[in-house]
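Structure first, commentary second.
We use all heavy atoms of the structure for the numbers below, so side chains are in, but hydrogens, waters and symmetry mates are not.
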Amino acid sequence: MSTHPLPEPTPESTLRLREALLSARFTADGLLELLGAPAYSALARGETVPSLRATRAGGPLATLVQLFLLQRPVSRDRAVGALPHLEEALADGWLVPFEQEPAPASPSASVSVRATVDIRPYSGPEGQDWWIVSDLGCAVGGAGGAAGASRATGAEPVAPEDVVLGVGGASTTLAGITVRAPVDRVLDIGSGSGLQALHAAQHATRVTATDVNPRALRFTGLTLALSGAPEADLREGPLFEPVAGEPGYDLIVSNPPFVISPGARLTYRDGGMSGDDLCRTLVEESAAYLADGGYCQLLANWEHREGEDWRDRVSSWVPAGCDAWIVQREVQDVMQYVELWLRDAGDHLTDPAEYAARYEAWLDEFEKRGTKSIGFGWITLRATDAELPSVIAEDWPHPVEQPLGEVVRAHFDRQDFLRGTDDAALLTWHFQLGDQVVQEQVGLPGAEDPEHVVLRQHRGMRRATKVDTVGAGFAGVCDGSLPAGRILDAIAQLLGEDPVRLRDRTPEAIRLLVEQGFLLPVPEPA
C-alpha cells in the first residue's frame, strides 16, 4: 500500500498553525464545550455520529473537528474560515485538495480539502494545550483501522504494519503513572506519536525518543513541534540498540508493542518475539541504561503458564541492582485475548476461513507454551545500591486515581525507609495517616462491636485493608506527635495487655500499613 507524504512544516508555519488552532479553540476544553460530554466520550470510543450532529451548525471549531477528528472533507471557504493560512497548510502537507463527486443538480464537482493526518487536542498536566499527531483513522476508523477511514475519506491507505496510533488508553495510563521530577536525561522507547516524549520534555533537559518505525519518529517530531515543545533526539531502532554505550538515563519510559502474538504483523502492537520475551527483554536490559536512582516505567503483557505463579515469573525478570513494583491490572483468558486483538486488526471483517486460521495459529502458540491467560499491567524499576532490593508483584484490578506518578515515587521512598529501619528503630518513629484515609466499621446492624475494621484510601491506589483493634487504635491516633512505641504502650494499658509483648508483635503490622501508604513516617516534631 502507498502512503501520502507526511507534513513537512517550517518552525514559522507550525507556529501559525498552532495560533490558528488556539484561535478557533481547537483544544481539549473547546472540544468538550462544543461537543458536550457524551459526544466527547463517544469520540474517544471511535463513534463519530454524535460529533457529526454537534458540528452541523458550522463555525471554525466545527470545521477543524470535521477535518482532523472526523476526517471529513470540507469546502475551501470553510477551511479558510478556520485556517487563515490555508495555502500554507496545503503547501506544508497538513491538508490536500479533495475533489468531491458532483451532485445530480450540479454541473461540476466542488473542490474541497481534507486532512492528511489526525490532529487531536490533548490537555497537559498543568492545563497546557497540546496536539497529538497520528495517522488518520486510528481513532475513529473503528475495527477497520486506517484502511477503513481511507475508504470513507478518500485518503491514501497506510500499510497496516506502518500505522502510527494516536492517544489511547494505554498511552495515557503510562503518562499518568510516570514519576515526574526535574531530570537531565529521559529515554522514550517506542515513541509512536510522541505522547510520552511530549510529557518528558516538560521536566527533562534532554529527551531521546526511539522507534523501529521511521514514520513514528516523524509523527513524534510533528507532535512536539505543534505543541510548542523542545525538539527531541529521534533515533530509529529496536529496544536499547539506538542508545547502546551511552550514559545512564534518569527516566526510561516505554509503551512497547507488548501484544503476545504469532509473528509481527502490526508494528505498533506486535513485538515480534516469542511469547512475552519483548517485555522481559526490556525489563532485563534496563538496568544497564539507568543512572543512579533512575526509573524505568513500562506497560506490559505477561503469560500465565500452567504450573507457574505469574508473580514469580515476572519478578524473575527484574535485573540485579533494581527495586521493582509490578502491578497486574487485568487478566484475560487466551480466547478473550485472541478475539480482542483480532478485532483490533479488523480480522473479523475478513474472510471467515482466514479469520479462523489466524485464531487457530494464535491458540497453537499459547498451547505450545502452556499459556492459560494473559496479564496486563505496569512495571516500575528503580536503580538501587541496596544489598537486598525490594521486588513487589501484586494483583490490583480495582479503580485507582490518576495521576499516580507521585504515588509511585512515594512507594519507593517508603521501601527505602522500611529497608533501613529495624523493628526497634521503627518504634521510635512518628507516623501520620496518609492522605484521605478513613476508617470503616463492618458488622451486622445493631451489633455492639464491629466484626472487623477497615482502613480505606480515597486517593491514589485506593487500597483497603483489615486491621485489628490494636491496628485501628494505633492508626487513629497517628498524627505525628508521638512515637509509635509510646502509642503502643498507651494501647496496652487500655486493653490490659503486656506492653512488651505488644511491642514485639506489632511492628509487622505497622510495616504493612507503611508499605501500602496508610501510614507515613514523619520526622520527630521540634
Side-chain angles (χ1 to χ4, degrees), residues 125 173-188 196 199-200 203-204 248-254 279 282-300 311 314-329 377-396 400-422 425-426 429 431-435 437 457 459-463 465 508 510-523:
T173 293
L174 178 59
I177 68 171
T178 300
V179 176
R180 303 293 176 193
V183 292
D184 182 23
R185 306 174 75 236
V186 173
L187 173 63
D188 176 13
Q196 310 309 324
H199 275 279
H203 63 96
Y249 290 85
D250 304 294
L251 173 65
I252 299 171
V253 292
S254 182
C279 293
L282 258 175
V283 172
E284 288 180 344
E285 294 185 356
S286 61
Y289 296 90
L290 284 174
D292 293 342
Y295 289 90
C296 173
Q297 299 187 263
L298 66 145
L299 304 183
R311 296 170 182 82
V314 182
S315 295
S316 71
W317 299 352
V318 177
C322 285
D323 293 324
W325 186 19
I326 303 159
V327 182
Q328 180 169 268
R329 297 287 292 151
W378 322 321
I379 299 177
T380 299
L381 310 175
R382 186 191 61 168
T384 180
D385 58 2
E387 185 176 346
L388 294 174
S390 165
V391 178
I392 296 175
E394 61 175 320
D395 194 32
W396 191 254
V400 298
E401 182 187 45
Q402 287 274 33
L404 285 168
E406 180 59 23
V407 172
V408 172
R409 184 203 60 76
H411 166 89
F412 288 97
D413 286 350
R414 294 194 302 272
Q415 296 308 309
D416 285 342
F417 168 78
L418 292 171
R419 188 162 43 204
T421 308
D422 62 23
L426 189 72
W429 271 83
F431 297 92
Q432 66 183 23
L433 279 177
D435 190 22
V437 172
Q457 300 168 345
R459 302 293 300 273
M461 293 294 286
R462 294 179 173 170
R463 298 184 185 278
T465 188
E508 182 179 356
I510 295 176
R511 286 181 178 278
L512 179 62
L513 293 176
V514 172
E515 178 183 297
Q516 297 187 341
F518 290 98
L519 293 178
L520 307 178
V522 295

Check: Could you walk me through whether Val314 and Gln328 pass the side chain to side chain contact (heavy atoms under 4.5 Å, CB included) check?
Finding: CA-CA 10 Å; Val314 182; Gln328 180 169 268; over 6 Å; no
Item checked: Asp323 vs Gln415, side chain to side chain donor-acceptor pair (under 3.5 Å): CA-CA, chis, key distance, verdict -> CA-CA 9 Å; Asp323 293 324; Gln415 296 308 309; over 6 Å; no
Margin query: Is there a side chain to side chain contact (heavy atoms under 4.5 Å, CB included) between Leu520 and Arg414? Walk through the geometry before answering.
Written below: CA-CA 8 Å; Leu520 307 178; Arg414 294 194 302 272; 4.2 Å; yes
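When every heavy atom of Pro521 is checked against every heavy atom of Val514, the shortest pair comes out as CD-CG1, 4.3 Å. The two residues Cys322 and Ala383 make their nearest non-hydrogen contact at SG-CA, 4.3 Å. Looking at every heavy atom in both residues, Gln297 comes nearest to Thr380 through NE2-OG1, 3.3 Å. The two residues Ser390 and Arg419 come nearest to each other via the heavy atoms N-NH1, 3.3 Å.
Put simply, OG1 on Thr178 and CD1 on Ile252 are 12.0 Å apart, with the number rounded to the nearest 0.5 Å. Within the model, atoms CG of Leu433 and CD of Gln457 stand 10.5 Å from one another, a figure rounded to the nearest 0.5 Å. Atom OG of Ser286 and atom CG of Leu298 lie 8.0 Å apart (nearest 0.5 Å). In this structure, the separation between CD1 on Ile326 and CH2 on Trp378 is 13.0 Å, given to the nearest 0.5 Å. Note that CZ of Arg463 is 11.5 Å distant from CG of Leu513, once rounded to the nearest 0.5 Å. Separating the CH2 atom in Trp396 from the CZ atom in Arg462 is a distance of 11.0 Å, to the nearest 0.5 Å.
Under the salt bridge (Lys or Arg N to Asp or Glu O under 4.0 Å) criterion, Glu285 pairs with no residue at all, not counting sequence neighbours. Scored by the side-chain hydrogen bond (donor to acceptor under 3.5 Å, both in side chains) test, Tyr295 finds no partners at all (sequence neighbours excluded).
Look at Glu406 and Arg459 and you find no salt bridge, because none of the NZ, NE, NH1 or NH2 atoms lies under 4.0 Å from a carboxylate O.
Within a 6.0 Å radius of CG in Asp422, other residues, nucleotides and ligands contribute more than 12 heavy atoms.
Remark: Arg382 fails to qualify as a cation-pi partner of Trp325 under the 6.0 Å distance and 45° angle criteria applied to the six-membered ring.
For Asp188 and Gln196, the side-chain atoms include no donor-acceptor pair closer than 3.5 Å.
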